[in-house]
Engineer: 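Pasting in a structure now, in structure tokens, and then I'll have a few things to ask.
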Amino acid sequence: MASFPSEILKYFSSLIEKETAIQYTSTNGHLLENRLRDVAKTWGYADIEAFWKEVQTRGLRSVERDMVLDLATNNETSFFRDPEVFDFFRNEFIPKSTSANSIVKIWCAATSTGQEPYSLMMTLAQLKDLGIVRNYDLLATDFSDRVLKQAQAGIYSQLEVHRGLPAPMLVRFFDQVMESGSTLPKFKAKADLFRNVTFRRQNLIEPWANQGPFDIIFCRNVLIYQDVESKKRVIARLASVLVPGGYLVLGGAESLLGLSADFDMQIYGKACVYKLKSQLKTSP
Ligand SMILES: C[S@@+](CC[C@H](N)C(=O)[O-])C[C@H]1O[C@@H](n2cnc3c(N)ncnc32)[C@H](O)[C@@H]1O
């Protein structure tokens, strides 16, 4: 339960829900409280109440609004998060995907700081070493400019690479770099990993321009924060930009149960993925 007045929670939670479909209620309001405290501190206010008082008289400035929306999101991610999904991608999806000459189109729809798309790119590079060559285009999007900036730079701290990235892959795909003013080394993805990858800002609940069709969409650990109607709308739109028989991959704690009848659930080892039916029941 948040300890700040409910009118403040209501104001910021409705702004966040309208812009991102992320829901904050009295039960997870304390998370929002922590995040708003950071916003207030950044702009030099003593506390959230002081920030709120000022906002009431002069309205929210666009830089403050962007920061509130950015901090409202959970950016938790890691390399090869839920490894079974990457086993599916490596052992099932890619070997069975069309001819070697066609382009496999992949969309990471909530890419956060980039560990997910880099995990896919490293997997594709390893398959290439084994003679399984696939031409691909990878689109990596997120609604937050802050996380996209890191994703695009492909630079990770020691802590970040220790979360899920096997040492041989670190050596093969990353260069050690020293950033000015830092005493600890960081790790930058090598140039060839960036080939055929586009990073772009995209809010899943806003219109999408000229995308798809994709062979596979990773939309992991983002819908979990949205209300049911927003989830249904986003999933129907994801279905509309997948090729027939294309795959939708959700997070480990997410499912399409009660949200869409356009997919068949398929289990590969420990991975649960969704295959688009040829006839869609829902229109986006
Ligand atoms: C928990 S991270 C998941 C990252 C990655 N997919 C994974 O599973 O490791 C959720 C990401 O979704 C993004 N996000 C939240 N709402 C969004 C929206 N409406 N449109 C696009 N991205 C959104 C956040 O900025 C955040 O980076």
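Please read these numbers as outputs of a predicted model, since none were measured by experiment. As a basis for the values below, the full set of heavy atoms in this structure was taken, side chains included, without hydrogen atoms, waters or symmetry mates. For ligands, and for the atoms within them, numbers begin at 1 and follow the listed sequence.
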Engineer: For ligand 1, indicate whether the residue Arg220 contacts it via side chain, backbone, both or neither (heavy-atom separation under 4.0 Å).
Structural biologist: both
Engineer: Give the ring-plane orientation class for Phe88 versus Phe93, where under 30° counts as parallel, over 60° as perpendicular and anything between as tilted.
Structural biologist: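 Tilted.
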Engineer: Considering only heavy atoms of Asn74, which atoms of ligand 1 have at least one such atom less than 4.0 Å away?
Structural biologist: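 Matching atoms, with element in brackets: 1 (C), 2 (S), 10 (C), 11 (C), 26 (C).
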Engineer: Could you say whether the N/O atoms of Tyr225 and ligand 1 ever approach to under 3.5 Å?
Structural biologist: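 No: no nitrogen or oxygen of Tyr225 is under 3.5 Å from one in ligand 1.
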Engineer: I'd like to check which ligand 1 atoms, numbered from 1 as shown, lie under 4.0 Å from a non-hydrogen atom of Ser112.
Structural biologist: 4 (C), 27 (O)
Engineer: Determine, considering heavy atoms only, which of Ala21, Ser230, Ala110, Cys108 sits nearest to atom 4 (C) of ligand 1.
Structural biologist: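 When every heavy atom of Ala21, Ser230, Ala110, Cys108 is considered, Ala110 comes closest to atom 4 (C) of ligand 1.
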Engineer: Could you tell me if Gln266 and Glu92 have a donor-acceptor pair between their side chains, going purely by distance under 3.5 Å?
Structural biologist: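 Side-chain D/A pair, Glu92 to Gln266: absent.
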Engineer: Using modelled atom types only, decide if a donor and an acceptor are shared between the side chain of Trp208 and the backbone of Glu206 within a distance under 3.5 Å.
Structural biologist: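 Looks like yes, one N/O pair under 3.5 Å.
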Engineer: Report the member of Val85, Thr73, Asp142 with the shortest heavy-atom distance to atom 13 (C) of ligand 1.
Structural biologist: Asp142
Engineer: Taking both backbone and side-chain atoms of Asn221, is any N or O found less than 3.5 Å from an N or O belonging to ligand 1?
Structural biologist: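 Yes, there is a polar N/O contact under 3.5 Å.
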Engineer: Classify the ring geometry between Phe86 and Phe218 as parallel (under 30°), tilted (30 to 60°) or perpendicular (over 60°).
Structural biologist: parallel
Engineer: Could you tell me, atom by atom, which parts of ligand 1 come under 4.0 Å of a heavy atom of Gln202?
Structural biologist: 20 (N), 21 (C)
Engineer: Look at atom 16 (N) of ligand 1 and find which of Asp145, Leu69, Val222, Thr77 reaches it with the closest heavy atom.
Structural biologist: Val222
Engineer: Using distance alone, determine whether Leu204 and ligand 1 share an N or O pair under 3.5 Å.
Structural biologist: yes
Engineer: Taking the six-membered ring for Trp, are Tyr45 and Phe51 parallel (under 30°), tilted (30 to 60°) or perpendicular (over 60°)?
Structural biologist: tilted
Engineer: Against heavy atoms of Glu76, which atoms of ligand 1 measure under 4.0 Å?
Structural biologist: 1 (C), 2 (S), 3 (C), 4 (C), 9 (O)
Engineer: Quick one: nearest non-hydrogen protein atom to atom 18 (C) of ligand 1, plus distance?
Structural biologist: Asn203 OD1, 3.5 Å
Engineer: I'd like to know if Glu116 and Arg81 make a salt bridge, using a cut-off of under 4.0 Å between side-chain N and carboxylate O.
Structural biologist: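 Salt bridge absent between Glu116 and Arg81.
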Engineer: Just distances here: any N/O of Asn75 and N/O of ligand 1 closer than 3.5 Å?
Structural biologist: yes
Engineer: So does Lys149 have more than 12 non-hydrogen atoms from other groups sitting under 6.0 Å from NZ?
Structural biologist: no
Engineer: When the ring centroid of Tyr247 is compared with that of Phe89, is the distance short of 6.0 Å?
Structural biologist: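 Judged by ring-centre distance (under 6.0 Å), Tyr247 and Phe89 do not meet the cut-off.
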